[in-house]
2 protein chains.
Amino acid sequence: MTTASASASPASTSPASTTSFVPTAPPVDPAELDDPLASAHRDAADPLAHHTALFLPAGDVVSYLDGNSLGRPMAATPARLDAFVRGDWGTRLIRSWDERWMQLPTELGDRIGAAALGAAPGQTVVADSTTVLLYKAIRASLAARPDRHEIVIDDDQFPTDRFVVEGIARERGATVRWLSVDETRGVTPEQVRDVVGPDTAVVLVNHVSYRSGFLADLPAITGIVHEAGALLVADLCHSVGVVPTELDAWEVDIAVGCTYKYLNGGPGAPAFLYARADLLPELEQPVQGWMGAADVFAMAEGYVPDAGIRKFVSGTPPVVGMLAMQDMLDAIEEAGLPAIREKSLALTDYAFDLVDAWLAPLGVTTATPREHERRGSHVTVRHPRFREVVATLWQEGVVPDFRGPDALRIGLSPLSTTFDEVRVGVAAIREALQQG
Amino acid sequence: MTTASASASPASTSPASTTSFVPTAPPVDPAELDDPLASAHRDAADPLAHHTALFLPAGDVVSYLDGNSLGRPMAATPARLDAFVRGDWGTRLIRSWDERWMQLPTELGDRIGAAALGAAPGQTVVADSTTVLLYKAIRASLAARPDRHEIVIDDDQFPTDRFVVEGIARERGATVRWLSVDETRGVTPEQVRDVVGPDTAVVLVNHVSYRSGFLADLPAITGIVHEAGALLVADLCHSVGVVPTELDAWEVDIAVGCTYKYLNGGPGAPAFLYARADLLPELEQPVQGWMGAADVFAMAEGYVPDAGIRKFVSGTPPVVGMLAMQDMLDAIEEAGLPAIREKSLALTDYAFDLVDAWLAPLGVTTATPREHERRGSHVTVRHPRFREVVATLWQEGVVPDFRGPDALRIGLSPLSTTFDEVRVGVAAIREALQQG
């Protein structure tokens, strides 16, 4: 499964290929930044602007900058839930398991795979939470490399990734090899190359760092991990739905991600897991349950796993939590990920311009890469007073989020976020800092 | 933790105490069974009859007999979901995590504990699926008894329980000790006493058997398991919400159950886990994630588990799936579990009478205990033609379920099932058998 070409092949859609991601509005004239119409012009020129009407009104929120943490509900979602409760659940009742729910984990997985992951059908499933799926992914990877004992992860990885890995290492007698990353960056191919070796079983990498927004070079890293004979597990939580991703072409082994950020599935909506088709037969997950069995209703003696990706399912699929994301998948399929990425870069460019003009003079620094090809869809800024500033902003209907000790994240969800929201939000941050 | 009194103490609410569970209608006169008003009289005399109006209309379904598999949605649920999407999610947005969602797993756990488990606060949490929580429960139990290597389970246990146990035994080098049970019964205290010993780490018992509806003597079994120095894990999936349960008084160690049967949480709604307060400090679960950490948003190095029941949470709580069950908890709290149990026994008594009068002459046998104190809330009947009969009934709006090779389950959910539905359902089974 080691291929030298993995890092070079998917040039047309790789995030490393930025030529198609030119913002649709002209570069900002600094003088224009104080003009409230500056953002209106951008919204008027935004080819995806009509998608913002697909979301429910946000009440008193004048600037929602946390779609990287919890995506907004879509206008179609209340009716979908109502029809589900009164129909599939309320009148088809248990018959709906046969009629549609049993297939939902793999059907939805295939949709996410096609719309957002560059994954052919049969490799993606929706289930559990990100944490539980990471547990299954790392356990399965270790079991598939039984002569190797090292798990590589970086020290700025999202807490749950680190906690899962540390727990597994303790229980399986494996070693955790920590990569040290600058808080404003993320893991580089060179760092990975320096540490992987014959004892490396699996490398866990964030596609986009939750803290800095750094976009890792996943195809290059995957190639390096494969050259060492190890497996690559990617955490796509902060990239899925906003960063074009080609898991099949990049030959990523396993990927896990969540559906409540840029896939707008609602708080705690279930996660997804992708496993490469030709690796799948080698993978064995530890939480074996009836819904991952080859014949679910055989009620037979002894567990025989499903031959396909369904074997990663354990318990009864969380159907109610799998409804809302379908509305966002409709929108993503219509807009297309390249256009979404284009707007994401335009929004983050605009955020950088506003931060440079309005916040830098107040002592704010940026912690997100400036290069398009190394940036996800949120911009992280730092200031010692941001804890109190965010608390104040939340009361005023300006909603970014805070990550200690001093980071404010400006998360931009291209189908729901307007340029005007970015301007209003950064202006409010400026005002809060000036008033303090 | 071993107490000789465990099996005797909670007499007032134990299922062994049946004196208060007298059906409200008089005993059936066999001649009356062919009178369609027989069920109407019972419904008229049912003190819980008004609760049936709390559920959404079931469309073409004239007899829903599968509440033991999927509870019906309540009339209040569509509005609750709509308000949630437009309000907490749509306008409070990420702020709702601080305002209410973070507490939801333990708040809901406490409500289930008080309404249905006989559990004081701080011992019950809602999370994951039954399968994943069983995995955590058995792993935690084994780790708490490190010098013991045997897991006791019966061979008629629900498949996911068996699969989880077999997987854990393989990975931890433990031994599975199988108890053989008659398909019409379940595990008895005597059987458990015969096998537990100094190498027994944990015994996993179904409170109510999914197949036969047998109600295990949980307090007696718990006492025997404790005398052997082992831990008792109870699977409450088929008893929670219909069988009075006193986990604290019975000194059960860990219990797991689902919320989509008699708690009407919707398909795949998350499960719950109870762990006895004085045992909790000894328990360590393997899927350590950020939402079970002592300080969730510290984003700190190294996992420090929450000191309380929250440590059994791994990933982000499945908020959307935790909404509907709140409507059923309202209803259970209002009706009270003793009254619910009383109607459950009246419904199952009536089902037995109808089966004896109408189906036994057609070769149908029963597989559920006749004694009140050994019966849950479903009645299982057997006939070689039941696979095709159930398929036919489903098309006619009569909805029991089928479990191979020959079992039809008549599941009775006391707050939503009418006596008339039981009569209509059993009459339809008779007609299908006569026509075939």
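Chain A is the first sequence line, chain B the second, and so forth, proteins listed ahead of strands; every chain is numbered from 1.
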Tell me, for B:Ala324 versus chain A, whether the close heavy atoms (under 4.5 Å) come from the side chain, the backbone, both or neither.
side chain

Can you confirm whether B:Val85 sits close enough to A:Pro73 that some side-chain heavy atom of one is under 4.5 Å from a side-chain heavy atom of the other?
yes

Residues which pass side chain to side chain contact (heavy atoms under 4.5 Å, CB included) with A:Glu284, listed by chain and number, not counting sequence neighbours:
B:Arg170

Do you know which of B:Pro57, B:Gly302, B:Pro317 has the most heavy-atom pairs with chain A at a distance under 4.5 angstrom?
B:Gly302

Where do A:Ser314 and B:Thr160 come nearest, in terms of heavy atoms and distance?
O-OG1, 4.2 Å

Below 4.5 Å from any heavy atom of chain A, which atoms of B:Asp155 appear? Answer side chain, backbone, both or neither.
neither

Taking side chain as C-beta onward, heavy atoms only, is B:Asp82 less than 4.5 Å from A:Leu81?
no

So, the side chain of A:Gln288 versus the backbone of B:Phe163: is there a donor-acceptor pair under 3.5 Å, distance only?
yes

If the contact rule is any heavy atom under 4.5 Å from chain B, which residues of residues 393-402 of chain A qualify, in numerical order?
A:Trp394, A:Gly397, A:Val399

Sequence neighbours excluded, which residues qualify as ring pair (Phe, Tyr, Trp, His ring centres under 6.0 Å) partners of A:Tyr260?
none

Thinking salt bridges, do A:Arg95 and B:Asp60 make one under a 4.0 Å N-O criterion?
yes

Most contacts with chain A, counted as non-hydrogen pairs under 4.5 angstrom, among B:Gly321, B:Gly59, B:Gly90
B:Gly90

Residue part contacting chain A, namely of B:Arg162, when any heavy atom lies under 4.5 Å
side chain

If one checks every heavy atom of B:Leu56 against chain A at 4.5 Å, the contacting part turns out to be side chain

What part of B:Thr130 gets within 4.5 angstrom of chain A, counting heavy atoms only: side chain, backbone, both, or neither?
neither

Which residues share a side chain to side chain contact (heavy atoms under 4.5 Å, CB included) with B:Pro267, sequence neighbours left out
A:Phe84, A:Trp89, A:Trp97, A:Trp101, A:Val319, A:Val320, B:Leu70

Heavy-atom contact with chain B under 4.5 Å, split by part of A:Ala293:
side chain

Test B:Glu171 against A:Arg172 for side chain to side chain contact (heavy atoms under 4.5 Å, CB included), laying out the working first.
CA-CA 10 Å; B:Glu171 78 172 74; A:Arg172 308 308 297 174; 4.0 Å; yes

Any A:Asp128 side-chain heavy atom under 4.5 Å of B:Asp128 side chain:
no

Do other residues, nucleotides or ligands put more than 12 heavy atoms under 6.0 Å from A:Glu301 CD?
no

Given heavy-atom pairs under 4.5 angstrom as the criterion, report whether the side chain, backbone, both or neither of B:Tyr210 touches chain A.
side chain

Under 4.5 Å heavy-atom distance to chain B, tell me which part of A:Tyr64 shows up: side chain, backbone, both or neither.
side chain

So which residue, A:Val164, A:Leu134, A:Thr131, ends up with the most heavy-atom pairs under 4.5 Å with chain B?
A:Thr131

Might you point out which heavy atoms bring A:Gly315 and B:Ser129 nearest each other, and give the distance in Å?
CA-OG, 3.7 Å

Where does A:Leu93 contact chain B at under 4.5 Å (heavy atoms): side chain, backbone, both or neither?
both

Highest number of heavy-atom pairs under 4.5 Å with chain A among B:Ile94, B:Val132, B:Thr316 belongs to B:Ile94

